[in-house]
Amino acid sequence: AFFDGLAGVKINGKWGYIDKSGREALPFIYDLAGAFVEDGLACVRKQAKYGFIDRSGREIIPVRYDDALSFSEGLACVRINDKYGYIDKSGREVIPCRYDIRSYFHNGLATVKINGKYGYIDKSGQEVVPCLYDDAFAFHDGFALVKMKGRYGYIDNSGREVIPCIYDYAWDFNDGLASVTKNGKKGHIDRFGNEMWLEK
């Protein structure tokens, strides 16, 4: 797909970029070429390392990371020595590389994992939701799906458990409803935890 007027394409095992006329805009020298997103920066991989370029091909953030995600809400998740943290668009490490998973910021929060448990941090690196869940997912409709002791429930942006972890499985909220299963029954819940079971 085209982002900011350029699309990443692959020829003979190497990635580069074309413009909307099909003309080669940036050379085919990358092992991987991400989309030009926030402020026209794209994540690229070259010789097993990741960095960020602008639309002219200039290396804005050096290709030196073991892994990286595109910028989201002003920060990019990067990996150094098997641990993930976050950098800003100047390449400054604003959240130290100490986490075990990579994730994007969404509505000001990112999912993190440390010592086998999941939680959420804000863009200052503050742990808004303590790392105590067995699994945790991105926020949708103001709620995030979390897992505790084999059961699923939901928390809000403050980390408060608004719907307890009582479901065998659950999905993200969408338009005020979420699909859930409990004791072999399938149905939906609303944002207040009211259950609507489907008839078999």
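Just the heavy atoms: all of them, side chains too, but no hydrogens, waters or symmetry mates, feed the values below. All values reported here derive from a predicted model rather than from experimental measurement.
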Chi angles and distances behind the side chain to side chain contact (heavy atoms under 4.5 Å, CB included) call for Ile53, Arg58: CA-CA 5 Å; Ile53 61 171; Arg58 188 165 61 99; over 6 Å; no

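- Summarising the geometry of Gly91 relative to Tyr65, their closest heavy-atom pair is O-OH, 3.8 Å, with the distance given to 0.1 Å.
- Note on Ile80: it does not cluster hydrophobically with Ile121, by side-chain heavy-atom contacts below 4.5 Å among ILVMFWY residues.
- Two rings, from Phe105 and Tyr86, have their centers less than 6.0 Å apart.
- Between the side chain of Glu73 and the backbone N or O of Gly108 there is at least one donor-acceptor pair closer than 3.5 Å.
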Verdict with supporting geometry, Thr181 and Trp171, side chain to side chain contact (heavy atoms under 4.5 Å, CB included): CA-CA 9 Å; Thr181 62; Trp171 288 261; 4.1 Å; yes

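- Taking the six-membered ring for Trp, Phe71 and Tyr104 have ring centres at least 6.0 Å apart.
- Between Leu69 and Ala76, the closest heavy-atom pair is O-CB, 3.5 Å.
- A side-chain hydrogen bond (donor to acceptor under 3.5 Å, both in side chains) check over residues 5-17, counting only residues at least two apart or in different chains, returns the pairs Lys14-Asp31.
- A ring-centre distance under 6.0 Å is found for Phe173 and Phe143.
- In this structure, Glu127 contributes its side chain and Gly119 its backbone to no donor-acceptor pair below 3.5 Å.
- Side-chain atoms of Asp141 come within 3.5 Å of backbone atoms of Gly176 as a donor-acceptor pair (strictly under, hydrogens ignored).
- Asp66 and Lys49 are joined by a salt bridge, as a carboxylate oxygen and a charged side-chain nitrogen come within less than 4.0 angstrom of each other.
- Under a hydrophobic clustering in which Ile, Leu, Val, Met, Phe, Trp and Tyr are joined whenever their side-chain heavy atoms come within less than 4.5 Å, directly or via other members, Val94 and Ile114 fall into the same cluster.
- The backbone N or O of Tyr118 sits nowhere less than 3.5 Å from a side-chain atom of Asp135 that would complete a donor-acceptor pair.
- Classification of Glu195 and Lys185 as a salt-bridged pair fails, no side-chain N sitting under 4.0 Å from a carboxylate O.
- The closest donor-acceptor contact from the side chain of Arg55 to the backbone of Asp4 lies under 3.5 Å.
- A side-chain donor-acceptor contact under 3.5 Å links His106 to the backbone of Phe139.
- Closest heavy-atom contact between Ile163 and Asp190: CD1-O, 3.7 Å.
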